Amino acid sequence: MAMMTMMRKKVVAPMERVVFALNGERQGGSAAEVDPSTTLLEFIRTSTPFKGPKLGCGEGGCGACVILVAKYDPKTDEVTEFNASSCLTLLYSIHFCSIITTEGLGNTKNGFHAIQKRMSGFHASQCGFCTPGMCMSIFSSLINADKSKEPEPPKGFSKLSVSEAERSFSGNMCRCTGYRPIVDACKSFASDVDLEDLGLNTFWKKGDKYPDVSKLPNYTLGGGICTFPDFLKSEIKASLDYMNDATVSSPREGWYCPKSIKQYFKLVNSSLFSESSVKVVVGNTSAGVYKDQDLFDRYIDIAGIPELSSIVRKDKGIEIGAATTIARTIEILKQESESISSPHGSVVFRKLADHMSKVASPFVRNTASIGGNIILAHKYPFRSDIATILLGAAATVSLQVSSKTLHVTLEQFLEQPPLDHSTLLLNIFIPHWASDCNKDNTLIFETYRAAPRPLGNAVSYVNSAFLGHVTLDKSSGDNVLSNLHLAFGAYGTEHAIRARKVEEHLTGKILTASVVLEAVKLLRETVVPMEGTTHPEYRVSVAVGFLFSFLSPLCKSMIEPEKIQNISEDLVDNDVHNMPLSSRREALSGDEYKPVGDPIKKYKVELQASGEAVYVDDIPAPKNCLYGEFVYSTQPLASVKSINFKPSLASKKIITFVSAKDIPTGGRNIGSTFLFGDEEPLFADPIAEFAGQALGVVIAETQRYADMAAKQAVVEYSTDGLKAPILTVEQAVQNNSYFQVPPDRAPKEVGDFSKGMAEADHKIISEEVKLASQYYFYMETQTALAIPDEDKTITVYSSSQFPELAQNVISKCLGIPFNSVRVITRRAGGGFGGKAVRSLHIATAAALCAHTLHRPVRMYLNRNTDMVMVGGRHPIKARYSVGFKSDGKITALHLDILLNAGISADASPVIPGTIISGLKKYNWGALSFHIKLCKTNNTSKSVMRAPGDTQGSFIAEAVIEHVASVLSLDANTIRQKNFHTYDSLVLFYPDSAGESSTYTLHSIFDRLASTSSYLQHVESIKKFNSCNKWRKRGISSIPLIFKVEPRPAPGRVSVLTDGSIVVEVGGIELGQGLWTKVQQMTAFALGQLWPKGCEGLLDRIRVLQSDTLNLIQGGLTAGSTTSESSCAAILQACNMLIDRLKPVMDRLQSQSVTVSWDTLISQASQENVNLSASTYWVPDQDSNFYLNYGAGTSEVEIDLLTGAITILRSDLIYDCGKSLNPAVDLGQIEGSFIQGIGFFIYEEHQTNSDGLVISNSTWDYKIPSVDTIPKQFNAEVLNTGHHKHRVLSSKASGEPAVVLAASVHCAVREAIRAARIEFASGTGSGSSLLTFQLDVPAPMTVVKELCGLDIVEKYLEDLSSRGVGGCD
């Protein structure tokens, strides 16, 4: 990258201005205008019209902000392109670069790009917030693949392969879709794709013979976009002479770009930097890991120093400049491994490259430097894979200390005290070891990592790299090791280490089981996690497993962990992580109510792909807009004595601090409320009742300044006179601290429990199961923009599921009438319940600040604050007692359930009812329960997708599986034994069972067993588990009964005089396709008067945003029913219009054979017919409640050495009634299922001892990613018979499938059970092996612990005790 080099008084002068291209247009900013700490994302979003890149995390962990960076080399006349996180990229670092956002690919004005069209047509965008970043990652993959030397692909395809396509957006997170349709959109570009394998789309119909690429939006090889404009090339060429001019002055100092090591040291040693806060950067990606705690007033960009980017090939290896990006390092290592002629010489470089490709994500690796990664590992206890694997490869580093160059081993470097700016890391030398190999010895090199995600974007729990030479002992024929380098890192250590004692022990010895066992014992003494490290025993055990994996192939007759006994070609793949993704998506569309029932694409979906869809933070900032960020309590119950701010650069940016004292007279301190009257304060005053409670809002001129200023807060607390906080449900019980459940919400017991237990042959008494919380992780965090208006009125744009309640709370806080508050929500970037009650605090805080300051105020919570303050799903502790017959028929079940509701009631009083509703899916004979809603000093928990049902259904499965294990029967046998008959269904669900013809669960479960080949897979798994010691598989099927409660909804349909149609509903578009279904319903209803049925009518319809003063009683968008309620309201409104228009139509038809729509509307307008119809639909008693049915089967494989879980296959069948839009419903089912996998397996919601959330970033909290979804994912939407009380016979789809993800958890339990039997060693009873508590979530750490932390030692001890030759 070309950077200006200037000298002034023998010191490099700061950069004067930054020049770059953005979507082909010239952009520039002077240092006087743009703060050097400004990120590219901030500049694009605040200083240009483009809003495509989104702020999702600010950590490089989600991909919402991804853009394309193109660089031009005037010497070679070549352009290189790569994707990058614009949230981490500093603006000044992209001088003379060209930036492309999704708007630059295609847009409304210039037409949409093939990527945007295919994402739309494959139904790959729901809320749409992540879609622009997805498009840019895919585009980057396509254009770089097209530059390769691969053969020319067929027309319309890219050179991208299917396997590359599946990884093209790894690192980009999506919370809505479940990734499957995005994978299909990517695969459609691959030259080796079978188009028939692609899922539901708008380009061809299911069953079409031979779909061909011509039906897809045309793709031009190379991307079809000019990524680097000629004008910028000309400027770069013209600037080459100018850049050597050292006399340019600057209006402001802040960003420095030394062009040599000498210049760098002149800078850091100059008086300019003696009292400044300085940050040395290359890609600035470290800011995603270790957040800046204050602003910097000086930046030194060392990327332009040639020596730091040089690649020097030497006899014994390669020297890589410290500023070389990780992506470039991977590329170089791959090239070198292919060029080394020695048969063993390529192994080190190749395996280093493979391992590095699993570090971070592509858009971070493209800008992060290899030296920066090593510096982080040196400066912090950073869990670096790169430092560990380079240590294992015996890398050395070069350091420049003033005029002296030092060469030290990486091991020595990591042990040094932290460096200051006077020491510069120059390069890393990596030996290839090729010359050390000869005919007598063989080089072996292996690297390992255990991390929550196999393809990267997750730091390791433990990593390692092992290198050595193997010599064959001629007398015994056994292997002997020498020259060992055994490196371990990330296990809870200051830095990666070499296990020297283990190396010494193994060197020169013939490898036997006893020798390896002794090595393992020595390793346990060496790898000792620091105090406070999470899962310490797990990390040590995995380190042992890695060493065993390395040594076992060298021991005769030892069973290798990496080798799978091949029993069935279709079932086994040596590396399940690399299995290709496949799917079957089936949905029948109905012709009865067209276009309702058609799988049309989402309403205005192309705007989401092109970045033109407007979310709250995309609304241009009004003049004089200010920005706010919460200061929150870190204590659970304490008086707030004072709030001050540290003297810092960030504190100087504070304009004011708004707190409870600023609430106007007549207003009150209210931040949220719900149906049950309990109010939660907006601010703690004077007592902070929980960690995470808002204390006030810092106001500054930019969101970044406000965020940074809030970090400067110093809060003085006192606990004098206060009781100890209640943080757990056990403490709540001790203190009798509960919320009450209203009688009409209290669930009803069934039958006589005592009688049922008396009839039982077997009993399980008081067993426990726990479920933790889950964070929403909507891609768009909580946000609001408040604009004060005349006469004390205010307009608030809020990302909300409940604008009506926001209006209510804001008016009460400000002490003004409801009609003085207008809340507008166009769309939300995901909600999942988290933008219902929990969004009210943000909207109200922004409104109070705007009202107080008489200026617009915007608040957009950063991801960390959002995760700390917003809450999530209810944690639950349950105990159950169950009686059952010897054949598995359950006669009675009793439950004691404790829910942690947090500090306020919120929506918690509805949860006991939904828990029991989810639990009642089985016929328990008699069912009794005690449920306590515990009030604790924690953040309030609220509704989250399928609230209560998810937990209740899981508890039911835990009971079923426990019964099955006691009886040693297949769990599916027990399940079906306890399915409801229609009569028992009516007994358990008296208000919602419906007619017997609608009870489809039995047929669904039978169909699933057939389509998933359940029994065949059960047998295959038994064979697999008997043949494989170190990997085990499990399978499970679970049923779903989900009770749904439609709510009233308003609707308005207006026909304008040109014949175009405007539709308004109270529901919010969250990505669930509400607007799409409403559009279809409008076209269906008004199609009666349209000459061609409804063809062309869809394009005439516009759905408007929610506005609380325009359409009142909008209600809450939640519970999966808002789409159908809104459609019912719109159907009513359209019928009202038809009643008015039909007489006009009849008169016109008597005069003419055909009457066009436009003629009809024109005539009706002339006759003063009211062309706007409003309605408020209220469900009648017969349609107030109903049941949804479905079933899911999942198959998993676990690695016994790491606990890693691979979901091999999931099959879902779901009864949607007559789907309003099968594509939308299928997307909802798949997306909710994957979100459920997150809850049951991956997402660990952790707090500290004060209840403060510490899993508060993308580094600590892992939602499912494309590499953790089922390898084969089959979903089928049943189109069942007429449901006369439903809207056009449709049923809800948004939430229920979350419940089915418990099938993955149950399958994991089966696999663990197989592992425990494998390593039982004759100890312990069979019952204790088969029966164990597997709580939620069940991540790899828990899986490994339950499989055994000492299984390697057990295996080696057994071999040693048997004294078998070698290691057998």
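The structure presented is a predicted model; accordingly, all values stated were derived computationally and were not measured.
For the pair T1247 and L727, the minimum side-chain heavy-atom distance is 4.5 Å or more. Inter-residue side-chain proximity for F739 and D678 is flagged as met; some heavy-atom pair is nearer than 4.5 Å. Here the side chains of Y738 and C934 are in contact, with some heavy-atom distance below 4.5 Å. Within the 4.5 Å cutoff, the side chain of R1209 has no heavy atoms near those of the P1270 side chain. Residues E1243 and V1336 are not in side-chain contact: their nearest non-hydrogen atoms beyond the backbone lie 4.5 Å or more apart. Residues F988 and W924 are in side-chain contact: their nearest non-hydrogen atoms beyond the backbone lie under 4.5 Å apart. For the pair P912 and R745, the minimum side-chain heavy-atom distance is 4.5 Å or more. Side-chain contact between V1298 and F1239: absent, with no pair of heavy atoms (C-beta onward) separated by less than 4.5 Å.
By the neighbour-count criterion of 12 heavy atoms within 6.0 Å, atom CD of Q740 is sparsely surrounded, having that number or fewer from other residues, nucleotides or ligands.
Residues R1033 and E1197 are paired through a salt bridge, judged by an N-O separation under 4.0 Å between the basic side chain and the carboxylate. Salt-bridge check for E768 with R879: passed, with a basic side-chain N closer than 4.0 Å to an acidic carboxylate O. Under 4.0 Å is where a charged nitrogen must lie from a carboxylate oxygen, and between E1276 and R1007 at least one such pair does.
K1354 forms no cation-pi arrangement with F1319, by the criterion of a distance under 6.0 Å to the ring centre and an angle within 45° of the ring axis. Annotation: cation-pi geometry satisfied between K1043 and F1185 (NZ/CZ under 6.0 angstrom from ring centroid, within 45° of ring axis).
Judged purely by distance below 3.5 Å, without hydrogens or angles, the side chains of N900 and T936 pair a donor atom with an acceptor atom. No donor-acceptor contact under 3.5 angstrom links the side chains of S881 and S766, judged on distance only. E1195 and H1017 are linked by a side-chain donor-acceptor pair at a separation below 3.5 angstrom, with hydrogens and angles left out of the test. Counting only N and O atoms by type, the side chains of S1303 and S1036 include no donor and acceptor under 3.5 Å apart.
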Report, one line per pair, each donor and acceptor closer than 3.5 Å where one atom sits in a side chain of residues 947-960; sequence neighbours left out.
{"unit_1": "T950", "atom_1": "OG1", "unit_2": "A946", "atom_2": "O", "d": "2.7"}
{"unit_1": "Q951", "atom_1": "OE1", "unit_2": "G948", "atom_2": "N", "d": "3.0"}
{"unit_1": "Q951", "atom_1": "NE2", "unit_2": "H874", "atom_2": "O", "d": "3.1"}
{"unit_1": "S953", "atom_1": "OG", "unit_2": "K921", "atom_2": "NZ", "d": "2.6"}
{"unit_1": "E957", "atom_1": "OE1", "unit_2": "Y922", "atom_2": "OH", "d": "3.2"}
{"unit_1": "E957", "atom_1": "OE1", "unit_2": "R975", "atom_2": "NE", "d": "2.7"}
{"unit_1": "E957", "atom_1": "OE1", "unit_2": "R975", "atom_2": "NH2", "d": "3.0"}
{"unit_1": "E957", "atom_1": "OE2", "unit_2": "K921", "atom_2": "NZ", "d": "2.6"}
{"unit_1": "E957", "atom_1": "OE2", "unit_2": "Y922", "atom_2": "OH", "d": "2.9"}

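The aromatic rings of Y880 and H962 sit perpendicular to each other, their planes meeting at more than 60°, with 30° as the lower class boundary.
For F979, the ring pair (Phe, Tyr, Trp, His ring centres under 6.0 Å) partners two or more places apart in sequence, or in a different chain, are H1002, F1005. Taking the ring pair (Phe, Tyr, Trp, His ring centres under 6.0 Å) definition, one finds that F832 meets it with nothing, sequence neighbours left out.
A pairwise comparison of heavy atoms in S1232 and A1297 identifies OG-CB, 3.1 Å as the closest pair.
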Ring pair (Phe, Tyr, Trp, His ring centres under 6.0 Å) evaluation trace for F753 with H894: CA-CA 7 Å; F753 174 73; H894 176 79; 5.5 Å; yes
Steps toward salt bridge (Lys or Arg N to Asp or Glu O under 4.0 Å) verdict (K941, D906): CA-CA 7 Å; K941 300 303 179 280; D906 196 283; over 6 Å; no
K932 vs D896, salt bridge (Lys or Arg N to Asp or Glu O under 4.0 Å): CA-CA, chis, key distance, verdict: CA-CA 8 Å; K932 296 188 185 299; D896 292 297; over 6 Å; no
Ring pair (Phe, Tyr, Trp, His ring centres under 6.0 Å) assessment of F1233 paired with F1273: CA-CA 11 Å; F1233 180 79; F1273 193 8; 5.5 Å; yes
